[in-house]
Amino acid sequence: MTDGFGEIAIQSNGLRKCYRRLVAVQSLNLSVPRGTIYGLLGPNGAGKTTAIMMLLGNVRPSAGSAAVLGKPIGNIAVRRYIGFLPEKFQFHEFLTAEEFLRLHGRLAGMERRRLNERIPEVLEAVGLKERARSRLKEFSKGMLQRIGLGQAILHEPELVVLDEPTSALDPLGRRDVRNIIHHLKEKGKTVLLNSHLLSEIEMTCDEVAILNRGVVVRQGKLSELLTFSSTVEMQVENINPDLMAAIHHISPSVSVNETHIIAWVDSEERAADLAAAVVDHGGRLLSLIPKRETLEELFVRVIEKS
């Protein structure tokens with residue numbers, strides 16, 4: 001990167017937070033590359049929100065160190081490059097959506113001319129263009145979450161931290177938020193996303209860290225963390241004895257239901273061998289789906305072992 005922020009958006013080493021006898025975060029070692037959508041996962045009480053608040057400089061760590069956008073946590077100058085939507089938010093209900101964004105834009109140091117351009121863009125992006133003059137006290141919880149997301153991205157920050165951004169949204173709202181997050185990535189921004197909705201994380205994030213008892217127990221790219229399971233599902237026409245014999249030679253266990261074949265193999269390479277066997281023996285392969293572990297399955301497996 002040439003903007004002085006470096007290649008790593010967030011780096012923490014042994015970050016710890018204790019409240020008297022309660023250890024909220026035991027030892028947080030986190031590395032979030034610039035330009036990625038990064039998911040922070042963990043069961044209730046794992047320390048996710050405390051970790052976020054320390055990284056933002058809102059909670060003082062008991063031990064350890066961390067840097068955000070190349071500067072030590074709490075650095076005042078860096079804060080203008082960070083956008084944040086907390087899980088529990090309280091906004092000024094007497095303000096209209098437009099007034100609310102203008103207030104936060106001025107607090108972020110935005111110039112009036114840029115604010116006049118940016119506010120309509122943001123209201124349209126979060127689906128509130130028609131409610132610009134409505135007061136926040138008239139908004140539903142989902143609409144408040146949308147305007148909260150708007151204030152987090154208004155000043156075009158380099159790092160956007162979202163704590164449960166879709167908890168009050170319906171499926172269409174969650175899709176809109178996913179689109180906004182992907183658009184941020186396209187612009188080179190970094191997004192740190194904390195959510196209990198694992199399906200949303202799986203559809204949205206490039207990398208994840210799983211926390212348990214205040215410790216990162218697994219971290220990395222989703223494509224590398226989600227392992228290949230042994231099941232391959234195929235839909236095949238023209239099933240014949242020679243074709244089935246070839247499949248049984250590759251797979252120790254096969255089940256067939258009309259045109260649907262399920263075979264168990266020990267690697268993705270053997271899944272490719274199944275496809276070749278079908279074609280070589282006169283079958284017509286309509287679909288082949290090698291099953292991968294879901295994020296939920298990974299999450300449960302990692303938490304139960306840690």
Side-chain angles (χ1 to χ4, degrees), residues 36-44 46 48 164 166-167 169-179 181-182 185 193-213 216-306:
T36 60
I37 305 171
Y38 201 97
L40 197 60
L41 311 177
N44 291 332
K48 303 185 299 297
E164 299 289 352
T166 60
S167 60
L169 299 178
D170 59 22
L172 291 177
R174 291 197 293 271
R175 183 196 63 186
D176 291 343
V177 171
R178 285 197 303 271
N179 290 339
I181 290 173
H182 284 297
K185 180 187 174 182
L193 177 61
N194 173 28
S195 176
H196 283 102
L197 299 174
L198 298 186
S199 60
E200 290 295 313
I201 292 286
E202 192 166 4
M203 286 188 287
T204 306
C205 293
D206 305 308
E207 302 189 25
V208 299
I210 300 176
L211 273 69
N212 195 25
R213 301 186 182 94
V216 176
V217 293
R218 191 64 61 87
Q219 181 175 192
K221 295 180 180 179
L222 267 177
S223 59
E224 297 173 355
L225 293 177
L226 298 179
T227 61
F228 170 73
S229 68
S230 58
T231 306
V232 176
E233 296 185 8
M234 297 184 291
Q235 189 174 0
V236 179
E237 289 183 347
N238 303 326
I239 295 176
N240 58 72
D242 289 342
L243 184 153
M244 291 306 304
I247 289 178
H248 278 289
H249 183 72
I250 296 168
S251 172
S253 180
V254 180
S255 65
V256 184
N257 182 8
E258 296 181 350
T259 63
H260 193 69
I261 300 175
I262 299 178
W264 282 260
V265 292
D266 57 9
S267 69
E268 287 181 280
E269 289 75 16
R270 297 299 278 170
D273 293 340
L274 288 173
V278 170
V279 175
D280 291 345
H281 292 83
R284 184 184 179 195
L285 185 62
L286 302 180
S287 68
L288 184 148
I289 306 173
K291 294 295 183 179
R292 279 194 165 273
E293 184 178 40
T294 67
L295 182 57
E296 181 176 351
E297 290 167 340
L298 170 68
F299 179 83
V300 171
R301 176 166 60 85
V302 168
I303 293 300
E304 287 181 343
K305 289 183 178 180
S306 64

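Only this structure's heavy atoms are used, side chains among them; waters, hydrogens and symmetry mates stay out. Along the sequence shown, the residues carry numbers beginning at 1.
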Tell me, please, which residues at least two apart from D280 pass side-chain hydrogen bond (donor to acceptor under 3.5 Å, both in side chains).
-> none
Between the side chain of [X] and the main-chain N/O of [Y], is any donor-acceptor distance below 3.5 Å?
X: T204; Y: E200; answer: yes
X: R174; Y: L169; answer: yes
X: K48; Y: P43; answer: yes
X: K291; Y: E233; answer: no
X: N240; Y: H281; answer: yes
X: E297; Y: T294; answer: yes

Is [Y] close to [X] at the side-chain level, that is, under 4.5 Å between some pair of heavy atoms?
X: S230; Y: V265; answer: no
X: D206; Y: Y38; answer: no
X: M244; Y: V256; answer: yes
X: V208; Y: E202; answer: no
X: I262; Y: V232; answer: no

Minimal heavy-atom distance between L285 and A275, with the atoms involved, is CD2-CB, 3.8 Å
Could you tell me the separation between the [atom1] atom of [X] and the [atom2] atom of [Y], rounded to the nearest 0.5 Å?
X: C205; Y: L222; atom1: SG; atom2: CG; result: 6.5 Å
X: L295; Y: L225; atom1: CG; atom2: CG; result: 9.0 Å
X: D170; Y: R175; atom1: CG; atom2: CZ; result: 9.5 Å

How would you list, by chain and number, every residue that makes a side chain to side chain contact (heavy atoms under 4.5 Å, CB included) with A245, sequence neighbours excluded?
->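 If we apply the side chain to side chain contact (heavy atoms under 4.5 Å, CB included) test to A245, skipping adjacent residues, there are no hits.
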Could you name each residue pair satisfying salt bridge (Lys or Arg N to Asp or Glu O under 4.0 Å) that touches residues 237-248, not counting sequence neighbours?
-> E237-R284
Name the one of L41, V302, I303 that satisfies side-chain contact (heavy atoms from CB on, under 4.5 Å) with N212?
->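 By the side-chain contact (heavy atoms from CB on, under 4.5 Å) criterion, N212 pairs with just one of L41, V302, I303: I303.
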